[in-house]
Chemist: 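My questions will all concern the structure given below.
Lettering of chains follows the sequences in order, A, B, ..., and the numbering in each one begins at 1.
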Amino acid sequence: MMVTLHVNGVANKLTLAPWTTLLDTLRIHLGLTGTKKGCDHGQCGACTVLVDGRRINSCLTLAVMKDGAQITTIEGLAKDGALHPIQRAFIDHDAFQCGYCTPGQICSAVGLIAEGRAHTADEVRELMSGNICRCGAYPNILAAIEQVISQKSAAPPRDGGP
Amino acid sequence: MANMSTSYLGKPTSRVDGRAKVTGAAKYAAEHNVSGLAYGFVVTSAIAKGRILRIHTTDALSVPGMLDVFTHDHRPKLAASAEKYGDEVAPPGSPFRPLYDDRIRFSGQPVALVVAEELETARFAASLIRVDYEQQQHVTDFEAHHGRARVVSENGESQSHKRGNAAKAFSQAPVRIEVEYRIPVEHHNPMEMFGATAVWEDDDRITVYNKTQGPQNCRNYVANVFGMAQDAVRILSPYVGGGFGSGLRPQYELPLAVLAARALRRSVQVALTRQQMFTIGYRAANIQSLALAAERDGKLASFRHQWVGMTSQFENFQRNYVTWSSLLYKCDNVELVQKLVKLDQNTPCDMRAPGGAEGLFAIECATDELAYAAGLDPLTLRLSNYSDKDQIEDKPYSSKELRECYRQGAEKFGWSKRNPQPRSMKDGNELVGWGMATGIWEAMQMKASAKAVLTANGSVEISSATADIGPGTYTMMTQLAADMLGVPIEHVTAKLGDSALPDAPVEGGSFTTSSVGCAIQAACREVQKELLRLAQRIPRSPLAGAKLEDVTLAEDGIRHKSKNVEVSLADAMRAGNIDRIEKEASAEPNEKSKYSHYTHSAVFAEIKVDEQIGVVRVTRIVNAVAAGRILNPKLAASQILGAVVGGIGMALHEETLTDNRFGRFMTHNLADYHVPVNADVHAIDVIFVNEKDDEINPLGVKGVGEIGIVGTAAAIANAVYHATGKRVRDLPITIDKLLRP
Ligand code: FES
Ligand code: FES
């Protein structure tokens with residue numbers, strides 16, 4: 001089947017078997033291996049990407065279902081070499097160890113902040129609980145996200161995408 | 001220069017590989033889409049014991065895009081003798097040989113590898129494979145069979161130990177407890193599944209991107225199994241998505257990928273599924289029986305500890321589970337025993353703090369029970385039995401700031417405000433519990449080598465065939481080299497995860513910084529010496545006559561510490577007509593040390609539980625750690641945090657259940673096998689207690705990878721008792737256990 005996926009601002013026309021997941025499409029067909037596979041069953045969040053601004057598990061989505069959609073992966077967050085504030089905060093707070101859950105955590109955090117639902121530490125914890133970190137970096141992930149949320153509320157809203 | 005300057009060491013430094021990890025640039029084993037890549041999908045056995053009669057592959061092979069199905073009777077030649085399948089960390093026995101013969105030794109054993117042009121094709125075709133078995137009666141029920149356990153003493157390591165007369169002392173003491181603790185099977189579940197991308201070069205050589213904690217361990221394994229020369233095999237593992245011990249030994253995706261690549265003469269990638277991650281090694285289920293007795297003042301009179309664990313039919317896996325109490329608590333009458341029962345399961349393997357995490361759970365819960373029986377504060381009881389000597393080896397410690405861990409941890413936690421009475425502390429509807437425990441881990445060092453290269457323009461490359469599974473090895477190597485060679489860390493490149501680099505052991509046991517760090521120190525010292533030698537060759541050298549300890553390296557050159565003179569890097573190298581200095585060196589432990597070397601910790605836990613629902617929340621942990629010199633407090637604290645989270649999982653969540661009718665693990669995905677998520681984790685305070693240790697190794701480091709999990713589950717279990725008055729002695733402490741009358 002033919003699909004067009006707009007990934008990180010680039011339109012990709014692909015011919016895919018209809019059962020190909022968005023995750024495998026990104027990793028294998030587009031070579032964007034920053035999006036991780038941790039279970040392939042929607043149980044870990046490692047494959048989180050942003051589709052039309054919303055965070056989803058790309059392993060639970062077939063690529064053909066997203067024909068025409070705008071997809072942002074971890075590779076698309078930094079602009080012209082400048083890290084996204086969440087990426088910067090993850091480094092500053094040491095919010096990862098092995099780094100394998102990290103792209104999913106970061107995309108999920110970007111989605112979370114855009115949702116505007118998390119106001120307290122407990123809400124961030126709860127709403128980030130779809131992303132497992134087996135290295136256990138949770139307190140630092142929380143700190144990184146809280147820092148960006150507080151910067152955002154202090155500063156005028158930025159334009160542009162995630 | 002003999003004394004290291006400390007411009008980077010001891011300072012909180014961000015990960016040097018951080019940018020690669022937050023941008024998705026870091027590539028893990030199954031992410032190398034080399035050209036012409038084929039994909040393998042593993043088929044695993046449905047029975048636990050028996051023989052394969054026939055594997056029906058016709059349907060699978062008829063799927064368009066299929067390449068081949070490899071089985072024990074359709075595969076290239078593999079080594080026959082079991083010892084060729086051994087590895088650096090293999091326990092005594094006869095290692096499993098993947099796709100070797102028709103015998104089934106455990107459920108989930110690989111029986112076929114389906115290879116196709118595309119991953120989806122391989123996965124679909126794998127579902128069409130039918131296997132006929134001749135099934136034999138399996139034995140997998142640990143609970144039912146633990147009575148058959150025997151002491152297994154191989155390589156002189158049964159870990160059993162006896163001194164005094166424990167039975168007699170027990171019967172005569174006024175305060176006594178006899179308790180039994182249980183830990184279930186647990187699986188590591190690193191977030192990255194095991195994967196191997198075997199890059200085909202020619203019939204005699206192979207390069208494999210593999211998920212491993214030891215690239216050279218895997219290199220030697222592949223060379224042995226396939227009868228290849230060691231230098232014809234190269235294993236690359238620059239990024240590893242977690243290990244926790246599961247990647248110490250080669251896992252079966254490695255030989256399967258290599259086998260297929262050699263047979264098909266093209267590159268092949270094999271990645272396990274999350275379900276298949278439950279067919280590899282695991283933390284063994286165990287039952288620990290303890291009988292402790294004390295005088296009325298809490299002084300230990302007798303300590304008996306028996307550990308019964310499980311292993312496979314083909315290897316005897318055991319670590320040191322029982323001797324820890326003799327390192328912590330003074331006692332003259334001691335009896336420590338370890339026993340194993342063989343089951344039709346895969347061999348267990350090291351999982352974070354193997355031996356310590358299990359042993360200290362039981363030891364520290366039992367100590368808490370003894371304190372209650374004696375009517376003493378649990379911390380007071382521990383302090384009054386504090387041992388300044390390793391009573392197993394009869395040696396003093398090179399350093400042991402455990403008292404300081406207790407003091408600083410208790411102070412930070414507010415332990416003195418604790419009402420010892422169970423069920424006495426409340427927060428609204430919730431019962432509050434405060435518990436504590438001790439942690440201990442052996443501070444080891446292994447032989448390792450490293451290479452340092454300094455160029456005339458002041459850039460440094462440091463390399464060693466170690467791994468970085470998450471602790472921050474790249475950063476540690478970079479900090480050390482920058483410090484020793486006087487360059488900013490931005491000028492240092494660290495290389496690891498490549499079997500072709502200078503020899504290093506597997507990354508595990510908390511010994512990477514001590515082992516590889518000391519090798520880096522030695523290699524950099526050789527560079528310093530060479531640079532000084534060259535600088536002194538300059539006509540009328542300002543450094544003439546200077547000794548190594550008189551000079552220091554700075555960004556611009558080599559400088560005399562007391563006289564205001566220096567020689568630039570470029571000038572020194574020109575004197576030798578070179579543009580780089582390259583030195584390799586190794587370091588090894590002092591085997592003749594008169595001291596015992598251990599890391600210690602004191603863990604304090606607060607839990608809250610609403611009794612009506614039985615859900616336990618760990619609201620606060622303070623972990624005070626004495627681990628010698630801390631090279632990077634930022635990354636070291638992350639190691640403790642992460643291990644504490646592992647301890648929370650062990651205490652409250654993690655359990656792999658076995659369906660004994662089929663002889664297989666039935667908890668085999670992340671929905672059923674619970675690990676802590678963000679909402680399960682609250683405040684965790686890490687304290688590094690000052691601990692100076694000049695004896696242990698030239699860097700004075702002990703390692704921090706394991707210590708954070710040791711004692712954590714016990715502190716939580718003790719807090720649960722304090723909150724509820726219920727002793728749950730079988731992990732994990734789930735709702736049903738708290739609600740049972
Ligand atoms: S890989 Fe998609 S949720 Fe785990
Ligand atoms: S950083 Fe390793 S799983 Fe999160």
Chemist: Could you note down all residue pairs passing salt bridge (Lys or Arg N to Asp or Glu O under 4.0 Å) where residues 26-51 of chain A supplies at least one of them, sequence neighbours left out?
Modeler: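 Those involving residues 26-51 of chain A are A:Asp24-A:Lys37, A:Arg27-B:Glu31, A:Lys36-B:Glu31, A:Lys37-A:Asp40, A:Asp40-B:Arg123.
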
Chemist: Checking B:Ala271 now: which residues fulfil side chain to side chain contact (heavy atoms under 4.5 Å, CB included) with it, not counting sequence neighbours?
Modeler: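 Checked B:Ala271 against side chain to side chain contact (heavy atoms under 4.5 Å, CB included); matches are B:Ala30.
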
Chemist: Mind checking which of residues 114-123 of chain A sit less than 4.5 Å from chain B, heavy atom to heavy atom?
Modeler: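 A:Asp122 fall under the 4.5 Å cut-off.
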
Chemist: Can you name the closest pair of heavy atoms from A:Tyr138 and B:Val681 and give their distance?
Modeler: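 Smallest interatomic distance, heavy atoms only, reads CD1-CG2, 3.7 Å.
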
Chemist: State whether A:Glu75 and B:Lys27 are salt-bridged, where the test is any N-O pair (Lys NZ or Arg NE/NH1/NH2 against Asp/Glu carboxylate O) under 4.0 Å.
Modeler: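 A salt bridge is absent here (no side-chain N lies under 4.0 Å from a carboxylate O).
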
Chemist: Within the distance-only criterion (no hydrogens, no angle test), does the side chain of A:Gln43 pair as donor or acceptor with the backbone N or O of B:Leu670 below 3.5 angstrom?
Modeler: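 At least one qualifying donor-acceptor pair exists.
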
Chemist: Is it the backbone or the side chain of A:Ile86 that comes under 4.5 Å from a heavy atom of chain B, or both, or neither?
Modeler: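 Neither part, no heavy atoms under 4.5 Å.
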
Chemist: Considering only heavy atoms and a distance below 4.5 Å, find which of B:Leu635, B:Asp468, B:Ile684 pairs most often with chain A.
Modeler: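 Highest number of pairs under 4.5 Å: B:Leu635.
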
Chemist: Report, as yes or no, whether the 6.0 Å neighbourhood of atom CZ on B:Phe124 holds more than 12 heavy atoms from other residues, nucleotides or ligands.
Modeler: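 Count not over threshold, so no.
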
Chemist: To the nearest 0.5 Å, what is the distance between CG on B:Asn678 and SG on A:Cys133?
Modeler: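 Here the interatomic distance stands at 9.0 Å.
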
Chemist: How far does SG of A:Cys135 sit from CD of B:Gln639, to the nearest 0.5 angstrom?
Modeler: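 Reported value, rounded in 0.5 Å steps: 8.0 Å.
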
Chemist: If I compare all heavy atoms of B:Gly242 with all of A:Cys98, which pair ends up nearest, and what's the gap?
Modeler: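 Of all heavy-atom pairs spanning B:Gly242 and A:Cys98, the closest is N-CB, 3.2 Å.
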
Chemist: With chain A as the partner, which of B:Asn189, B:Asp17, B:Thr273 has the greatest number of non-hydrogen pairs under 4.5 Å?
Modeler: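 Ranked by contacts with chain A, first place is B:Asn189.
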
Chemist: With chain B, which of A:His41, A:Arg125, A:Arg88 has the greatest number of heavy-atom pairs at distances under 4.5 Å?
Modeler: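 With the most close heavy-atom pairs to chain B, the winner is A:Arg125.
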
Chemist: Among A:Leu77, A:Thr102, A:Leu83, A:Ile74, which residue satisfies the side-chain contact (heavy atoms from CB on, under 4.5 Å) criterion with B:Thr23?
Modeler: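 In the set A:Leu77, A:Thr102, A:Leu83, A:Ile74, the residue that makes a side-chain contact (heavy atoms from CB on, under 4.5 Å) with B:Thr23 is A:Leu83.
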
Chemist: Sort B:Tyr474 into side chain, backbone, both or neither according to what part of it lies under 4.5 angstrom from a heavy atom of chain A.
Modeler: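 Neither part, no heavy atoms under 4.5 Å.
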
Chemist: For the residue pair A:Arg134 and B:Pro676, establish whether any side-chain heavy-atom pair is separated by less than 4.5 Å.
Modeler: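 With C-beta onward as the side chain, the pair touches.
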
Chemist: For B:Lys21 and A:Gly99, which heavy atoms make the closest approach, and how far apart are they?
Modeler: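 Smallest interatomic distance, heavy atoms only, reads CD-CA, 3.8 Å.
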
Chemist: Can you give me the closest heavy-atom contact between B:His682 and A:Pro139, atom names plus distance?
Modeler: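 Distance-wise, the nearest heavy atoms are O-CG, 4.5 Å.
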
Chemist: Would the distance check show the side chain of A:Gln87 and the main-chain N or O of B:Val22 forming a donor-acceptor pair, the cut-off being under 3.5 Å?
Modeler: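 Looks like yes, one N/O pair under 3.5 Å.
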
Chemist: Nearest 0.5 Å, please: how far is OG in B:Ser14 from CG in A:Asp92?
Modeler: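 Answer rounded to 0.5 Å: 5.5 Å.
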
Chemist: With only heavy atoms counted, which part of B:Tyr39 is less than 4.5 Å from chain A, the side chain, the backbone, both or neither?
Modeler: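 For B:Tyr39, the side chain is the part near chain A, not the backbone.
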
Chemist: Measure across A:Glu126 and B:Ala679 and return the closest heavy-atom pair with its distance rounded to 0.1 Å.
Modeler: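 That closest heavy-atom pairing would be OE1-CB, 3.7 Å.
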
Chemist: Using a 3.5 Å distance criterion without hydrogens, assess whether the side chain of B:Arg274 forms a donor-acceptor pair with backbone atoms of A:Gly38.
Modeler: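 Flag set: sc B:Arg274 to bb A:Gly38 pair under 3.5 Å.
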
Chemist: Between chain A and each of B:Gly472, B:Gly18, B:Pro471, B:Pro12, count heavy-atom pairs under 4.5 Å; write down the option with the most.
Modeler: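 If we count pairs closer than 4.5 Å to chain A, B:Gly18 comes out on top.
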
Chemist: Which residue out of B:His32, B:Met277, B:Arg352, B:His188 racks up the most heavy-atom pairs below 4.5 Å with chain A?
Modeler: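 Heavy-atom pairs under 4.5 Å are most numerous for B:His188.
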
Chemist: Is it the side chain or the backbone of B:Ala26 that comes within 4.5 Å of chain A heavy atoms, both, or neither?
Modeler: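 Only the backbone of B:Ala26 comes within 4.5 Å of chain A.
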
Chemist: For chain B, which candidate among A:Gly34, A:Ala95, A:Ser129 shows the most heavy-atom pairs at distances under 4.5 Å?
Modeler: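 Top count of heavy-atom pairs under 4.5 Å with chain B: A:Ser129.
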
Chemist: Name all pairs fulfilling the salt bridge (Lys or Arg N to Asp or Glu O under 4.0 Å) condition that reach into residues 633-643 of chain B, sequence neighbours left out, sorted by first residue then second.
Modeler: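 Of all non-adjacent pairs touching residues 633-643 of chain B, none passes salt bridge (Lys or Arg N to Asp or Glu O under 4.0 Å).
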
Chemist: So, do B:Met191 and A:Cys44 sit near enough that their side-chain heavy atoms are less than 4.5 Å apart?
Modeler: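 Sidechains of A:Cys44 and B:Met191: in contact.
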
Chemist: Can B:Arg15 and A:Ile91 be said to form a side chain to side chain contact (heavy atoms under 4.5 Å, CB included), step by step?
Modeler: CA-CA 7 Å; B:Arg15 280 171 206 271; A:Ile91 295 177; 6.0 Å; no

Chemist: Working to the nearest 0.5 angstrom, can you tell me the gap between B:Lys211 NZ and A:Tyr100 OH?
Modeler: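 Interatomic distance, B:Lys211 NZ to A:Tyr100 OH, rounded to 0.5 Å: 8.0 Å.
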
Chemist: Chain B: which of A:Ile106, A:Ile28, A:Thr20, A:Asn140 shares the most heavy-atom pairs with it under 4.5 Å?
Modeler: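 Ranked by heavy-atom pairs under 4.5 Å with chain B, first place is A:Ile28.
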
Chemist: Please report the closest heavy-atom contact between B:Glu120 and A:Thr21, naming both atoms and the distance.
Modeler: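 Answer, listing the atom of B:Glu120 first, then A:Thr21: OE2-N, 4.5 Å.
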
